[in-house]
Amino acid sequence: MKPRVTIWTSIVSGRGICRRPGDLGWIVGGIGVLWASTLFVDAEAVGGLEVTVFGLANDLPGSLYRPIWLLMQGGTFITIPLVAVAALLARRVRLACEVVVAGVGVWILAKLVKDIAPRARPGGLLDGVELRGIGSGGRGFPSGHAAVAGALAFVLFAFLPRGWRWVPVGLGIVVCVARVYVGAHLPLDVVGGAGLGVAAGALATLVGGVPTREAGDRQPMRSPSGEPDGGS
């Protein structure tokens, strides 16, 4: 008879779970992107290239606002508990835990970085910015929306079936573009936020682990008896 699997044992059990050394590289890389972004961020001026890239998104037609606004909510704080609840309903307790840890953690970190590297929003630095449902006040670097979307995308990528993995990644990219489109952030704001998010997501999966069968789309690891190990 198979032992009964409870919520607690699904959290602490290591069966079918692996820690990916490559996640350490993603942590370093994500932090590196955030740090590199700070080198080009000026609290009082915006570089010509960044202004050009900003204009490409901010000048898109206003008719796109409603669908873009809807997709942009994928980077809000409320998305974190919604995704966690969905994971619990699917009996993916480990995924729910990592989503909460990565999402809430990066949301807090983004606010701390805003105090370390203060930078105004586009409306406070540039003329002629098209503001859509957003004011010109507040601090823009890094983007909290981009950070949350990046963290959730990284964690979900490790747990979702292959056919669905790129959905959260695509949504994360849309969130980044959307924040520039509505005039809430400059390009380096979302790049830095995404880097922070990837680092947070990688740290969560490195510590919490990911299902072995999802780790590399290869043959599942087998036990000495020849039976494949189960997932989480």
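No side-chain heavy atom of Thr76 sits under 4.5 Å from any side-chain heavy atom of Val148. Val210 has its side chain out of reach of Ile17: every pair of non-hydrogen atoms, C-beta onward, lies at least 4.5 Å apart. Annotation: side chain of Glu130 is not in contact with side chain of Val182 (no heavy-atom distance under 4.5 Å). Using a 4.5 Å cut-off on side-chain heavy atoms (C-beta onward), Pro168 and Leu160 make contact.
One finds the CH2 atom of Trp107 at 11.5 Å from the NE2 atom of His145 (value rounded to the nearest 0.5 Å). Put simply, OH on Tyr181 and CZ on Arg132 are 4.0 Å apart, with the number rounded to the nearest 0.5 Å. If you take CZ on Phe40 and CG on Leu188, they are separated by 8.0 Å, rounding to the nearest 0.5 Å. Note that CG of Leu186 is 4.5 Å distant from CZ of Arg119, once rounded to the nearest 0.5 Å. Put simply, OG1 on Thr212 and CZ on Arg19 are 9.5 Å apart, with the number rounded to the nearest 0.5 Å.
For residues 35-48, the set of pairs meeting the side-chain hydrogen bond (donor to acceptor under 3.5 Å, both in side chains) definition, not counting sequence neighbours, is empty.
Linking ILVMFWY residues whenever their side-chain heavy atoms come closer than 4.5 Å, directly or via other members, leaves Val46 and Val41 in distinct clusters.
For Ser143 and Asp189, the side-chain atoms include no donor-acceptor pair closer than 3.5 Å.
Ala96 and Ala84 make their closest contact through CB-O, 3.6 Å (heavy atoms, listed as atom of the first residue, atom of the second, distance). Residues Pro118 and Ala43 come closest through the heavy atom pair O-CB, 3.6 Å.
Between the side chain of Arg121 and the backbone N or O of Gly137, at least one donor-acceptor pair lies under 3.5 Å.
Cluster partners of Val198, by chain and number: Trp26, Phe154. The rule joins Ile, Leu, Val, Met, Phe, Trp and Tyr whenever side-chain heavy atoms lie under 4.5 Å apart.
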